[in-house]
There are 2 protein chains.
Amino acid sequence: MTPPVFAHGHLRLYLLALLEEQPRHGYELIQALSDRFGGTYSPSAGTIYPRLAKLEEEGLVTKSTDGRKTVYEITDAGRAELDARRHELDAIEDDLTDSVRRLADGVRAEVNDAMRSLRAELASAAREAKRAATRTPASDAGAGGTANPHVDSNRAVHEADLVLNEFRQQVRTDLRNQAHRGRVSSEAVNLLKARLAQVRADVLATFAER
Amino acid sequence: MTPPVFAHGHLRLYLLALLEEQPRHGYELIQALSDRFGGTYSPSAGTIYPRLAKLEEEGLVTKSTDGRKTVYEITDAGRAELDARRHELDAIEDDLTDSVRRLADGVRAEVNDAMRSLRAELASAAREAKRAATRTPASDAGAGGTANPHVDSNRAVHEADLVLNEFRQQVRTDLRNQAHRGRVSSEAVNLLKARLAQVRADVLATFAER
DNA sequence: CATCGAAACGCGATATATCGCGAGACAGGT
DNA sequence: ACCTGTCTCGCGATATATCGCGTTTCGATG
C-alpha cells in the first residue's frame, strides 16, 4: 500500500550518517528518524535492527552493550564509506523531504478510509454489544418483524455515507483542477460553505417534520 | 487519560482462564484479548509479560521455551485458584463488555480530537514542506508580491477541504443521531444526493463564468 | 475506625530481535 | 537490448522483556 520511504540502500547510508554524528542505540535511531519526519514516518524496529546487524557484519559499525541498550558506533571503515559517498547523501536528503510530503498527502486520504472502517467497526461492535446486552434481560421477541425501520435506517445511512464521500471527492477534484490555474477564490469557498449549510438545514428539516 | 480496562487483579484471573483453555505464549494472549474486544482494546506487552512472570513466580503457571516463543501452561495450583474464584470470572466478563462499550464511546469522541490535531499538524507540515519546496527551485522572488493567484488558490482549496470535511462530519453525525430512532428514509438520502449535485454544479458554474 | 504508607497493579513507553512478503536491483545468459 | 533468476532491501507483523508513572489495595498503626 504505502510505498517505501527509503530507496534501495539509502537507509543504510542514512543510518551511517546518523551514527557519524554520535554513537546511538537502535531505539534512539528510530526516534531520530521519526523526528526528522516530524512524526509522520516512524521506521519500525524491523527496519532498523536488521540494517544495523548488516552494517556491523560489514565492519562499518561496532556494537557495545550498555545496560539493556545496544550502542552502535561508526568505525573508520564506516567513515571511509561515508566520505566516498558523501555526495549521494545530499540527494537522499532531498528525496526525504519529498517523501515526507507524499506521506503527508497520502495520510490525508488514508485517514478518511481509516475513519470509515473505524466507524463501521465501531457501529457493528456497538450493535453487537447492544444485542448482547438486550439478550440477557428478557427479550429476543419480534424475530419475524418484516419491516424493521432500524434496518432500513441503517441501510439509508450507509448509502448516505457513500453519497457524502463521493460528493466530497468530486468537489475536491473539481477544486484542485481549477486551483492549479489559480481560479479558486475565497468567495467560491464561501459560496460552498453557505450552500452546504443550507443543505444540512434542509435535510434536518425533513426529520423534524415527522 | 484512558481509565484502566481491567480492575485490580482481574487481568491476572482472566489470563489464568485463557490459559486453562489451552497453553499459549505471550503474544498469543495479547491477540486473544484483542480479539475478545473486537480490536478496540489491545493490551500492551508491558501489561501481559509482567503478569505472566508473576503468575509463574506464584507457581500458578509454568513456562517452557519453544523456539523463540515462551509457552505458558496452567498448573494444578492455577486450576485450584481458578476453581476457587470461578464466580468472580462471570462478573469480570460482564465488566468487560461494559468496558468495551465505554471504550468504543470514548474512541468516538477522541477520534475527533485526534483528527483535529492531526489535521493541524498536517497543515503545518504541508506549509513547511511547501516553503522548503519553493525555496529551492528558483524563487523567493515575489517576496513582496501581495497577490499571487496560485497561493491564494491553494489557500482557498485548503479552506474548502476543511469546509467539506466539517460538512461531511456534521451530516454523518446528524444522520446517525436520527438513524438509531429509525427515521432516516431513502427519500432523505435521495434529497441529499440531489441537493449536493446541485451545489456542485453551482460551484463549477462560478469557474466557467470567468 | 480512620489514615497512611508500602506493595501490587495496569499500562504506555522503551528496548531488542526475527520472520516472511513483495518490490526492486543486478548479474548473467541469450 | 531483453529476459530471468537470484539477491538485496524495506517493512509490517511477530515475539519478548523491562522501566517508570499514576492508581488502587490493603494491612498496620494510631
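Each chain gets a letter, A, B and so on, in the order the sequences are listed, and its residues count up from 1.
Counting to the nearest Å, the P atom of D/dC7 and the CZ atom of A/R51 are 16 Å from each other. As a whole-Å value, the separation of A/L15 CG from D/dC11 C1' is 13 Å. The nearest whole Å value for the distance from the CG atom in B/L13 to the P atom in D/dT25 is 15 Å. Rounded to whole Å, atom P of D/dC9 lies 13 Å from atom CG of A/L52. Per the geometry, CD1 belonging to A/I48 stands 18 Å off P belonging to C/dC19, to the nearest Å. When the P atom of D/dC19 is taken as reference, atom CG of A/D66 falls 13 Å away, rounded to whole Å. Rounded to an integer number of Å, the gap from B/L11 CG to C/dA8 C1' is 13 Å. Atom-to-atom, CZ of B/F6 to P of D/dT24 comes out at 17 Å; the value is rounded to the nearest Å.
Between A/P43 and A/K54, the residue anchored nearer the 5' end of DNA chain D, judged by the nucleotide with its closest heavy atom, is A/K54.
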Pairs under 3.5 Å (N/O, protein and nucleotides 16-18 of chain D):
from   : atom 1 : to    : atom 2 : distance (Å)
D/dT16 : OP1    : B/T70 : N      : 2.3
D/dT16 : OP2    : B/H25 : ND1    : 3.3
D/dT16 : OP2    : B/G26 : N      : 3.3
D/dT16 : OP2    : B/Y27 : N      : 3.0
D/dT16 : OP2    : B/Y49 : OH     : 2.9
D/dT18 : O2     : A/R68 : NH1    : 3.2
D/dT18 : O4     : B/G46 : N      : 3.4

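Applying the ring-ring contact (aromatic ring centres under 6.0 Å, His included) rule to B/F37 yields the partners B/Y41; only residues at least two apart in sequence or on another chain are considered.
Using a 4.0 Å cut-off between charged nitrogen and carboxylate oxygen, A/K69 and A/D66 do not count as a salt-bridge pair.
Applying the salt bridge (charged side-chain N to carboxylate O under 4.0 Å, His left out) test to every pair with at least one member in residues 40-61 of chain A, sequence neighbours left out, gives these pairs: A/R12-A/E58.
With values rounded to the nearest 0.5 angstrom, B/H10 atom NE2 is found 4.5 Å from B/I92 atom CD1.
At least one donor-acceptor pair under 3.5 Å links the side chain of A/T75 to the backbone N or O of A/L60. In terms of modelled atom types and a separation under 3.5 Å, the side chain of B/T206 and the main chain of A/A188 share no donor-acceptor contact. Side-chain atoms of B/R24 never come within 3.5 Å of backbone atoms of B/Y72 as a donor-acceptor pair (strictly under, hydrogens ignored).
In this model, no side-chain donor or acceptor of B/H8 finds a partner on the base of D/dT25 within 3.5 Å.
Closest contact between the side chain of B/Q31 and the listed nucleotides C/dT14, D/dT25, D/dT14 involves D/dT14.
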